[in-house]
Amino acid sequence: IWDWMETYQERIKGQLRSLGASCDWSRYVFTMDPGPAHAVRVAFKHLYDKGLIYRGERIISWCPRCMTALSDLEVVHEDEQSFLWRLRYPLADGTGAIEVETTRPETMLGDTGVAVHPDDARYKQLVGKEVILPILGRRIPIVTDEIVDPEFGSGAVKVTPAHDPNDFEIGRRANLPAITVMNFDGTMNAEAGPFAGQAIEEARANVVKRLEADGALVGTEPYTHSVGHCDRCGSVIEPMISKQWFVNMQPLAKPAIEAARDGCIRFIPERFTGVYLNWMENVHDWCISRQLWWGHRIPIWYCDACGEVSATDQEALTACAACGSAEILQDPDVLDTWFSSGLWTFSTLGWPEKTPDLERFYPGHVLETGYDIIFLWVARMIFLGIEFLGEPPFKDVYLHGTVRDASGQRMSKTKGNVLDPTIITAEYGTDALRFALITASGPGNDLKMSTDRVVEARNFANKLFNATKFSLNAIAGAEIRRDESGAAAMPDGAALAVADAWVITRLHETIAEVTRQLDAYQLHEAGRSLYEFIWSEFCDWYIEAAKVRLYADEPDPAVPQTLAYVLERTLRLLHPFMPFVTEELWQQLPHPGEALIVAAWPETGETFTAQAEGFQAIMEAVRLIRNARAEQGVETARRIPAIVYPGASSDAYGSLRSELVSLARLDGDGLELRDGEPQAQEESVSIVSGSASIFLPLAGMIDVDAARARITREIELAEGEIDRANGMLANEQFVARAPANVVDGHRSKLAAATDRKALLQARLADLG
RNA sequence: GGGCGGUUAGCUCAGCUGGUUAGAGCGCUACGUUGACAUCGUAGAGGUCACUGGUUCGAGUCCAGUACCGCCCACCA
């Protein structure tokens with residue numbers, strides 16, 4: 001171990017030196033920053049002086065391998081198949097025997113009593129008598145205790161105060177001695193008589209054998225019970241009596257409970273409030289001393305001369321505070337790492353000094369962490385924060401789920417299923433990993449992590465990069481107007497083309513939506529909203545539509561202005577999700593201030609409903625034309641003519657004529673916009689899009705059956721809508737009770753579907 | 001023993017206060033390199049929202065119960 005430690009220490013020393021840190025190896029404490037170490041001593045001393053930290057001989061959880069005490073939270077219970085042994089303890093007066101049951105026969109060597117329920121009639125006359133402990137022959141009393149369940153087994157229980165928390169309590173109440181029969185290394189000690197020196201497991205088998213031989217074993221039956229294991233090494237935990245340092249939790253828990261009850265602290269998702277409260281309300285005193293070689297050392301000194309025990313906030317005491325003797329020794333134990341971690345919210349800010357940092361940053365607003373450390377860390381930060389600063393360290397606790405591997409297994413180093421973030425980020429980028437993690441699941445829900453998800457996010461970053469590249473190209477030759485902050489100004493409303501007005505409308509809606517989602521801690525939904533807007537709207541539609549005016553003989557200056565405006569605002573929105581890419585790209589664009597990371601959150605703005613609807617009409621027409629082209633097997637590269645009767649959408653078709661040509665790959669010269677009622681066209685495929693009827697003359701290559709099938713299918717869909725809407729509107733209850741906008745929605749839907757059906761039927765008739 | 005979560009497309013998951021025909025990515029099918037991007041584009045297939053009952057004009061969404069999966073807490077001798 002020492003060899004290993006030296007190698008390990010040398011390695012860490014090297015790393016720390018390169019960071020400019022110093023280490024004090026004489027005290028086996030790494031000291032990265034003396035501030036927190038000092039804060040830990042101050043905190044300990046404060047609690048000690050207040051009587052909230054005490055040293056006591058108690059039954060604690062002990063790991064025989066790590067050779068240290070553990071807190072309740074470091075013990076993991078697992079169900080294990082074992083046996084329930086029934087033992088017979090003869091009465092000392094020879095008048096009979098009492099039977100007890102146990103899953104730990106070896107602990108009978110430490111039995112100092114037998115307990116029954118005070119109301120158990122079967123044992124009334126036995127209470128106060130003594131039994132002879134088999135093997136050792138010790139005389140031990142029969143006592144009563146409320147905790148004993150008369151229904152379980154024989155209703156009598158052997159009491160081993162030194163090796164069972166329940167028995168410890170029974171023993172304390174009944175004044176039974178505690179006889180420790182095990183050593184701290186997991187072997188039996190001299191009190192175990194003939195079994196001294198044996199390992200616990202070995203002793204168990206031998207005790208059973210011996211009891212059987214002595215006729216004291218009455219029965220054995222298979223039994224499943226929960227066994228505590230060391231969280232760190234997996235060894236079976238032994239309850240042992242030992243002198244340890246504890247925090248008295250009751251006084252600290254009270255205000256921490258109130259803080260969550262009265263809403264000072266809010267958990268997201270809310271259900272974890274109950275989890276927190278349940279733990280806090282039932283919390284046991286906290287064992288904080290550890291017999292480990294790393295950690296903050298307990299700042300307690302013992303005087304050899306006068307026996308004084310004193311806590312200090314100094315790094316070292318040179319003389320006893322009471323008698324002045326120099327013969328003093330520091331407690332060799334260190335603190336539970338969560339004790340110092342619990343002080344984190346203020347020890348990192350210079351506490352106990354009243355520093356400007358502490359003033360400014362305590363309390364914080366939100367803590368973001370995993371739900372698996374609510375007790376270990378969150379709860380402790382809360383009650384320690386309240387104790388030392390008078391108020392909780394944060395208001396909102398946002399909890400994410402556990403990150404699992406692709407098959408749902410919890411990641412662990414021993415299983416080897418951990419995705420190493422340094423490898424992932426090297427391959428896909430930090431932003432990709434971050435975005436993948438944020439959007440993978442909702443608050444408090446576990447997520448299965450695989451590289452597929454990171455690839456998706458990486459592709460998104462790539463998409464954004466390329467969209468910006470395109471935009472920069474467009475902006476390069478243009479003069480971008482800026483607003484007073486220095487950001488690209490909102491394009492002049494009067495000069496806006498329909499496509500510009502549409503994307504600006506969608507941007508402003510997205511700003512409002514993402515802001516709302518972030519305020520509600522729906523981070524994953526906010527991320528998805530941005531993904532949708534950037535990829536499916538800005539890239540797929542706006543950029544494609546913008547190319548027409550950008551590559552025209554006289555480029556429209558509204559395009560670069562719109563690109564600059566939309567992209568700059570969008571990058572601000574996306575920055576929390578992908579900080580590095582967005583910062584880099586933002587720096588290339590006209591922007592206000594020094595850096596995106598300190599830029600203001602964008603504000604929403606004007607929406608242009610009419611233009612947005614116009615553009616959406618064109619989007620639908622484009623989709624339908626593309627669909628018909630695919631259906632008719634028209635090669636992508638081939639430009640085809642079109643005859644359009646726009647109906648009510650004539651404005652949109654007029655102003656977006658070039659965009660329609662470009663996006664649907666039409667033959668520009670062959671596009672005719674006509675007024676009036678749509679007339680059947682020879683050798684054409686027909687489409688009904690909104691109020692528009694579109695004919696694609698495809699002489700000689702029409703698949704009439706496919707065209708007819710499509711129109712028939714669409715008529716059926718329209719009829720479905722008509723039936724549904726009619727059904728709803730015929731329902732008096734619905735019309736009377738549903739909100740007006742919902743009812744109106746169905747009315748306009750019915751009207752649109754009716755018109756659509758008529759137009760479709762006309763086109764079907766054309767086909768003969 | 002107590003408490004909590006999940007069950008939606010082949011896979012991984014969204015679906016916020018109940019309101020058009022339930023969405024995304026991956027995968028799948030067919031086409032495709034047009035001057036941001038093949039880490040891409042276009043079109044398409046794919047779901048009785050676990051089950052049963054209830055509330056409601058209306059339920060993936062609210063309530064009750066059932067089944068299965070998972071998690072947390074607990075002094076199960």
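So you know, we letter chains A, B, ... as the sequences are listed, proteins then strands, and number each from 1.
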Worksheet item: Under 6.0 Å between the ring centres of A:F734 and A:H746?
Response: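 Distance test on ring centres: under 6.0 Å, yes.
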Go through [options] for me and flag the one nearest to the [X] side chain.
{"X": "A:Y551", "options": "B:A43, B:A36, B:A24", "answer": "B:A36"}
{"X": "A:K547", "options": "B:A77, B:A36, B:U42", "answer": "B:A36"}
{"X": "A:W535", "options": "B:C71, B:A36, B:G41", "answer": "B:G41"}
{"X": "A:R665", "options": "B:A77, B:C40, B:U34", "answer": "B:U34"}
{"X": "A:T636", "options": "B:A77, B:C75, B:U34", "answer": "B:U34"}
{"X": "A:R516", "options": "B:G19, B:A77, B:C16", "answer": "B:C16"}
{"X": "A:D540", "options": "B:U42, B:A77, B:A24", "answer": "B:U42"}

Worksheet item: Parallel, tilted or perpendicular for A:Y223 and A:F152, by the 30°/60° rule?
Response: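 Ring orientation, 0 to 90° scale: perpendicular.
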Measure [atom1]/[X] against [atom2]/[N] and give the value in whole Å, please.
{"X": "A:W85", "N": "B:A77", "atom1": "CH2", "atom2": "C1'", "result": "13 Å"}
{"X": "A:R271", "N": "B:G5", "atom1": "CZ", "atom2": "P", "result": "6 Å"}
{"X": "A:E270", "N": "B:C4", "atom1": "CD", "atom2": "P", "result": "14 Å"}
{"X": "A:L464", "N": "B:C40", "atom1": "CG", "atom2": "P", "result": "14 Å"}

Fill in: Watson-Crick or G-U counterpart of B:G5, or none if no pair lies under 3.5 Å
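Looking at the geometry, B:G5 pairs with B:C69.
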Worksheet entry | A:E106 and A:R104 ion-paired at < 4.0 Å |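 Yes.
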Worksheet item: Between A:R173 and A:D145, is there a side-chain N and carboxylate O pair less than 4.0 Å apart?
Response: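 Judged by the 4.0 Å cut-off on N to carboxylate O distance, A:R173 and A:D145 do form a salt bridge.
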Worksheet item: So does A:N282 get a side-chain nitrogen or oxygen closer than 4.0 Å to the phosphate oxygens (OP1/OP2) of B:C73?
Response: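 Looking at the OP1 and OP2 atoms of B:C73, neither is under 4.0 Å from any side-chain N or O of A:N282.
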Discussion item. Any base atoms under 4.0 Å from A:K158, or only sugar-phosphate, or nothing? Heavy atoms, all strands.
Written reply: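 Nothing, no heavy atom under 4.0 Å.
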Worksheet item: For RNA chain B, whose closest nucleotide is more 5', that of A:Q517 or that of A:Y531?
Response: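 The answer here is A:Q517.
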Worksheet item: Using the rule for Phe, Tyr, His and the six-membered ring of Trp, do A:F734 and B:G58 stack at under 5.5 Å and under 30°?
Response: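 A:F734 vs B:G58: stacking no.
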